[in-house]
Student: 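My questions will all concern the structure given below.
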Amino acid sequence: MVKIFRYLKWIWPFFLCFLISKADGQRGKYYDGPYISEKEGQYELMWIQKGKVKREKIALDSVYTFFKPNLPQIDLQKLEFKTEEAFHFDNVEKFVSISDIHGQYDVFIKLLQAHHVIDTSFNWIYGEGHLVVLGDVFDRGDKVTETLWFLFNLEKQAERNGGKVHLTLGNHEVMVMHGDIGYIHPKYRYTSGASRTEYPDLFSNETILGKWLRSKPVSISINDFVFVHGGFSKQVLEKEASLKRINSIWKQDILPDEKIEYDTTDLTSLLYFENGPLWYRGYANPSGFDVDQANYILNRLKKDHIVVGHTSMPNVMSLYDNRIVLVDSSIKFGKTGELFIYENDNLYRGQENGDRLILSSDKSGDDNKSVFDFMYEDSDSTIGISIISDIKKLKKEKLNKEYQETEVLLYDDIEEIYSFEGRVKVRGNMRKKLCDNPPLKVDFSKKELRLNGFSNRDKLKLVLQCGHMESQAHSLKKEHLVYELYQIIDTLGLRSKLVKVDLNDIDGGSTVLEGFILEDEENLANRLGGQIVEKGIVTKQALHRESFLKMAFFQFMICNTDWSIRGRHNIETILMDGEKRLRGIAYDFDYSGIVGQKYAVPSELFPIADVKQRYFRVNDLTEEEFIYIKDFYNDKKETLYSKVENADYLPQKEKKKFKKVVEDFYDIINSRRKSKKLWAKN
Ligand code: ZN
């Protein structure tokens, strides 16, 4: 295919007259440029203004800003650029990635603004974050030049702020540079004809943008992610897996020379043609690709994820437990698109309205269990987990919430089942301050998960007894029981399972604590198939009313006011397939009266002095709604009671206290007089 387009270079001038006449009707409207080249000690500028070719020559040392209506503003003193020598970037806390913009500058800008990468004046506000544009800025759309100048300037602005903009080449960049203009927008045919310059020559090595494009790599990596426009095929990786080497072959042997012979035994040729990194489409083909191949590729690249564009998808998608991320969200149609976002170890789809959805892959093709699923489904209740790390340091520096290295053992009675390398950190907002044993998050090494046949979902949340007193162990178990009850009310609820947690300090010394594992968002998304949505503010009106009321009654039942829809405080929101309204899922129940943590106090916003007192948080409940929910809860009553009665991990006395709280709730909702306060508020 590449070869055919290369011949177009020689054919197209014959069509020129025809094309110019066709574009005649539009010509008066065209704005394009500037195209700037450096020749004989001066800058030569060319641009199209209302369809007319304009030119200007400016001495290299002049103070001059190109400033024309409808065209990018360019400061000629700032045309220098730095060629990035590094291909790998580590310890990057956040990045966004996008691909196949294809001249749809407006959609691109909207997405960057919606996710606070740039502000409304197009300034970088993403701090030390990285933006990765995965190629194919060229062709199809009519705002290619705008996009290129925007990136040219943003790159420097990002750098000044400690961030980075990466543009990796796509096949359409290379097609244009090598003379294939089969996909350019009529506007660019017009620019080319009117200025009597072949379109590829507008990006020759004598032009600023041409030089800049030729300085770009085909692949980079950030943390455990590899980025490349098309993908790395097995054929290429069998011969070469070093990004440094692949980039240098591209830059030195391919970009300047378009006459590469087709030869599948030659690495340069392999890199250039259909199995090369800019053209390969294997990943998005479900019949030709599977999780083993994905693992092979990642092992060769020594990374955990590969991010690619090139094949248009309805949105940002991922395969094989997020091993492969497909970021070409069809921006080329000029309507909408998505960003791929990485932040705090989480992967998201960023939408045009600023919403973020947790990225979760279609389950097909990978039935491997996560460590959470494995532990949750293990019928043997004696399963335990051992964390071997610098526990003293972890506790001492718990407020920093930084990862540190750990070894994790899963064991069954006394037999070790699995051992993993990983990292561990403290999580939780209040408990990290209040508890001697704050909740933990373990991040397993993905490579070890792969070797042991687990899924790529690498996080495990652990909640531990806050302190060493027996009452604190009881509170922990009661919180787990609350999760169990919530599952009866809403099957979307996060799952939990009691485990013994053995904290082993590397200096010796170990403590066995009561704990439970808690399902994380990625696992939840994978289980439910819906979309977990995150954004700043959510209104009560945006929620599925029935599920909201069931949740609010549940909180009332367990004496919990520590949640908020608006701020998504202790509420996860999920959009189920085929539904328009979000469902709110409650979690974190340690401030509820039923759990009885010593530190729990109600917020001053509510007219209660003790968390054991009840306060109903819904102020617009109707009588009809009340009756409906009351009936629902009455139906669940026996199931809830028997769950409590069977909670043999709690002493009889604690079970009784727990059950009493639930009984009081039923007493209220079934009393005409007491329940009236719930729905007759307004
Ligand atoms: Zn492409």
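Order of appearance sets the numbers: ligands from 1, and atoms from 1 within every ligand. Side-chain atoms are counted along with the backbone in the values below, which use heavy atoms only and exclude waters and symmetry mates. Numbering starts at 1 and runs along the sequence shown.
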Student: Going by the rule side chain to side chain contact (heavy atoms under 4.5 Å, CB included), which residues pair with Glu44 if we only count those two or more places apart in sequence or in a different chain?
Tutor: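 Glu44 satisfies side chain to side chain contact (heavy atoms under 4.5 Å, CB included) with Ser37, Lys39, Lys57 only.
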
Student: Has the side chain of Ser248 got a donor or acceptor atom that lies under 3.5 Å from a matching backbone atom of Arg245?
Tutor: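 Checking the backbone N and O of Arg245 against the side chain of Ser248, a donor-acceptor pair under 3.5 Å is found.
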
Student: Suppose the criterion is side chain to side chain donor-acceptor pair (under 3.5 Å): which pairs have a residue in residues 111-125, not counting sequence neighbours?
Tutor: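 Found Asn123-Gln157.
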
Student: Could you tally the protein N/O/S atoms lying less than 2.8 Å away from the Zn ion (ligand 1)?
Tutor: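 If we list every protein N, O or S atom nearer than 2.8 Å to the Zn ion (ligand 1), we get 4.
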
Student: Let's go through Lys164 and Glu84 carefully: what are the C-alpha distance in whole Å and the side-chain angles of both, what is the deciding distance for salt bridge (charged side-chain N to carboxylate O under 4.0 Å, His left out) to 0.1 Å, and is it a yes or a no?
Tutor: CA-CA 10 Å; Lys164 270 195 193 297; Glu84 180 67 64; 2.9 Å; yes

Student: Listed by chain and number, what are the ring pair (Phe, Tyr, Trp, His ring centres under 6.0 Å) partners of Tyr342, not counting sequence neighbours?
Tutor: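 Partners of Tyr342 by the ring pair (Phe, Tyr, Trp, His ring centres under 6.0 Å) criterion, ordered by chain and then number, come out as Phe95, Phe225.
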
Student: Minimum heavy-atom separation for Val228 and Leu134, please, with both atom names.
Tutor: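 Residues Val228 and Leu134, closest heavy atoms: N-CD2, 3.4 Å.
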
